[in-house]
Chemist: 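The structure follows.
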Amino acid sequence: MRSSAWLCLLAFAASSLTVLARDILVPASDGLEQEKPWFCHDLECPRFELLNKTEEYETRKYQTARWVSTHSEGLSYQTAVTAGFQKIFKYISGDNEGRHKVAMTSPVTVQTTAGQGPACKSDFLVSFFLPHKYQVQEHLTTFVMQKKPPTPTNPDVIFTDVPTSVVYVAQYGGVMTDDKIIAARTTELLETLKADGQTFDEALVFTAEYDPPYRLQHRHNEIWVAAGSTDAVESS
């Protein structure tokens, strides 16, 4: 098994439009509202509360959010994610009903399901955060979408609704596209969480990349591990 087997994650099934997982296991306590962090630069990014911080990782509570996603298969992270990125980039560039432009946001997240053997392709779920005008707002006991995002014309491009989630986040600089580096950093975070006695779901691990390829300095990448499981729904 390749070292990327450490990233053997429960991805959302490509043949289904709806994927269900379990509820978050760790309750979110009151935290401090987090202003837009520096690593988002001039782009919109998902809002979160910073619940706790150690030298190794942060504990964040993310609000309910809608992402635009696609599945991509491949033997390497970089090749498959690049192909998936291009599909979504075409969507935000006007490959949608009405040919609307959708603002670029940050980060790009990737969830990987490792193949069944060293020569088998892995599945990569690549996702862009949709701008805030397309996000839902909570009103009392209901959620109301502010504005409906443009409908994709490529059937491989879907919307993924992620409920309020608590995640553990490790942060890194540089470039994070190599399978071995991602596997090593994921393992490091998982072992740290185990040592701290944290409850988490090894099946829900993501990479989050915040920077375009042309940014050479002050790059920011993250590994996310869910503090429990989420009911994530792929919707049309």
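FYI, side chains are in, hydrogens and waters are out, and symmetry mates aren't considered; it's all heavy atoms of this structure.
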Chemist: Salt-bridged, Glu44 to Lys133, with N to O below 4.0 Å?
Modeler: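 The answer is no: the pair does not qualify as a salt bridge.
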Chemist: Backbone N or O of Pro150 within a donor-acceptor pair of the Tyr91 side chain at under 3.5 Å?
Modeler: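 Checking the backbone N and O of Pro150 against the side chain of Tyr91, a donor-acceptor pair under 3.5 Å is found.
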Chemist: Applying side-chain contact (heavy atoms from CB on, under 4.5 Å) to Asp179 and Ile181, what does each step give before you reach the verdict?
Modeler: CA-CA 6 Å; Asp179 295 84; Ile181 293 175; over 6 Å; no
Chemist: Are Leu204 and Gln111 close enough that some pair of their side-chain heavy atoms sits under 4.5 Å apart?
Modeler: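 SC-SC contact between Leu204 and Gln111 confirmed.
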Chemist: Drop me the distance from Leu43's CG to Asp211's CG, to the nearest 0.5 angstrom.
Modeler: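 Output value for this atom pair is 9.0 Å.
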Chemist: Are Ser76 and Thr79 linked by a side-chain donor-acceptor pair shorter than 3.5 Å?
Modeler: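 Ser76 vs Thr79: donor-acceptor pair found between side chains.
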Chemist: Between Thr187 (side chain only) and Arg185 (backbone N and O only), is there a donor and an acceptor less than 3.5 Å apart?
Modeler: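 Looks like no, no N/O pair under 3.5 Å.
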Chemist: What's the separation between atom CZ in Phe159 and atom OG1 in Thr151, rounded to the nearest 0.5 Å?
Modeler: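 Result: 6.0 Å between the selected atoms.
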Chemist: Can you check whether Phe85 and Phe128 have ring centres sitting under 6.0 Å from each other?
Modeler: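 Close enough - the centres of the two rings lie under 6.0 Å apart.
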Chemist: Contact between Val110 and Phe206 at the side-chain level, heavy atoms closer than 4.5 Å - yes or no?
Modeler: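 SC-SC contact between Val110 and Phe206 ruled out.
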Chemist: Can you check whether Ser72's main-chain N or O pairs, donor with acceptor, with Lys87's side chain at less than 3.5 Å?
Modeler: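 It does not hold such a pair.
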Chemist: Measuring only between side-chain heavy atoms, which start at C-beta, is Ile158 closer than 4.5 Å to Val68?
Modeler: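 When only atoms from C-beta onward are counted, Val68 and Ile158 do not touch, as no gap falls below 4.5 Å.
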Chemist: Between Asn221 and Gly173 (side chain of the first, backbone of the second, donor and acceptor by atom type, cut-off under 3.5 Å), is there such a pair?
Modeler: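 Judged by distance alone, yes, a pair lies under 3.5 Å.
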Chemist: How far does CG of Leu125 sit from OG of Ser69, to the nearest 0.5 angstrom?
Modeler: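 Leu125 atom CG to Ser69 atom OG measures 5.0 Å (nearest 0.5 Å).
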Chemist: Are Arg60 and Glu222 close enough for a salt bridge, meaning some N to O gap below 4.0 Å?
Modeler: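 Yes.
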Chemist: Does the pair Ile92 and Met104 meet the rule for a side-chain contact (heavy atoms from CB on, under 4.5 Å), with working shown?
Modeler: CA-CA 7 Å; Ile92 68 172; Met104 185 67 191; 3.6 Å; yes
Chemist: Grouping I, L, V, M, F, W and Y whenever their side-chain heavy atoms are under 4.5 Å apart, do Val175 and Ile182 come out in a common cluster?
Modeler: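 No, Val175 and Ile182 fall in different hydrophobic clusters.
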Chemist: Any side-chain donor paired with an acceptor under 3.5 Å for Tyr168 and Gln198?
Modeler: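 Distance-only check passes for Tyr168 and Gln198.
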Chemist: Salt bridge or not between Lys194 and Glu191? Use side-chain N to carboxylate O under 4.0 Å.
Modeler: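 Judged by the 4.0 Å cut-off on N to carboxylate O distance, Lys194 and Glu191 do form a salt bridge.
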Chemist: Side-chain contact, heavy-atom cut-off 4.5 Å: Thr160 with Val162?
Modeler: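 A side-chain contact exists here, since the closest heavy-atom pair is under 4.5 Å.
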Chemist: Does a donor on one side chain and an acceptor on the other come within less than 3.5 Å for Ser122 and Thr112?
Modeler: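 Distance-only check fails for Ser122 and Thr112.
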Chemist: To the nearest 0.5 Å, how far apart are CH2 in Trp224 and CD in Glu58?
Modeler: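 Result: 11.5 Å between the selected atoms.
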Chemist: Do any pairs count as a disulfide bond (SG atoms under 2.5 Å apart) and have a residue in residues 35-67, sequence neighbours left out, and if so which ones?
Modeler: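 Residue pairs with at least one partner in residues 35-67: Cys40-Cys45.
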Chemist: Would Lys61 and Leu50 satisfy side-chain contact (heavy atoms from CB on, under 4.5 Å), going step by step from the backbone distance to the final call?
Modeler: CA-CA 7 Å; Lys61 176 188 174 185; Leu50 181 62; over 6 Å; no
Chemist: Is it true that the NZ or CZ of Arg47 lies under 6.0 Å from the centre of Tyr62's six-membered ring and within 45 degrees of the ring axis?
Modeler: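 No, Arg47 does not sit over the ring of Tyr62.
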Chemist: Going by heavy atoms in the side chains, are Val108 and Val126 under 4.5 Å from each other?
Modeler: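 SC-SC contact between Val108 and Val126 confirmed.
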Chemist: Between Thr153 and Asn96, is there a side-chain donor-acceptor contact under 3.5 Å, judged purely by atom types and distance?
Modeler: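 On atom types as modelled, these side chains do not qualify, holding no pair under 3.5 Å.
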Chemist: With a 3.5 Å cut-off and no angle check, do the side chains of His71 and Glu73 form a donor-acceptor pair?
Modeler: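 No, Glu73 and His71 have no side-chain donor paired with an acceptor closer than 3.5 Å.
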Chemist: What's the separation between atom CG in Asp156 and atom NZ in Lys90, rounded to the nearest 0.5 Å?
Modeler: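 If we round to the nearest 0.5 Å, Asp156:CG and Lys90:NZ are 11.0 Å apart.
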Chemist: Taking the six-membered ring for Trp and the full ring for Phe, Tyr or His, determine whether the centres of Trp38 and His220 are under 6.0 Å apart.
Modeler: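 Between His220 and Trp38, which both carry aromatic rings, the centre distance is below 6.0 Å.
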Chemist: Side chains of Ile223 and Thr207, heavy atoms from C-beta outward: is any pair under 4.5 Å?
Modeler: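 They are in side-chain contact.
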Chemist: Check whether any side-chain heavy atom of Asp178 sits under 4.5 Å from a side-chain heavy atom of Gln78, and report yes or no.
Modeler: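 A side-chain contact is absent here, since even the closest heavy-atom pair is not under 4.5 Å.
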Chemist: Using atom types as modelled and distance alone, determine if a side-chain donor or acceptor of Gln135 lies under 3.5 Å from a backbone N or O of Arg66.
Modeler: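 Yes.
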Chemist: Between Glu209 and Thr177, does the side-chain contact (heavy atoms from CB on, under 4.5 Å) criterion hold? Intermediate values first, please.
Modeler: CA-CA 9 Å; Glu209 299 180 47; Thr177 57; 4.1 Å; yes
Chemist: Can you tell me if Asn52 and Tyr57 form a side-chain donor-acceptor pair at under 3.5 Å?
Modeler: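 Distance-only check fails for Asn52 and Tyr57.
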Chemist: Side-chain contact test, heavy atoms from C-beta onward, threshold under 4.5 Å: evaluate it for Val225 versus Leu189 and give yes or no.
Modeler: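 With C-beta onward as the side chain, the pair touches.
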Chemist: When rounded to the nearest 0.5 angstrom, what distance separates OG in Ser127 from CD1 in Ile88?
Modeler: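 Rounded to the nearest 0.5 Å, the OG-CD1 separation comes out at 6.0 Å.
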Chemist: My understanding is that only one of Phe48, Tyr134, Trp67 makes a ring-ring contact (aromatic ring centres under 6.0 Å, His included) with Phe129; could you say which?
Modeler: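 With Phe129 as partner, Phe48, Tyr134, Trp67 yield a single ring-ring contact (aromatic ring centres under 6.0 Å, His included), made by Trp67.
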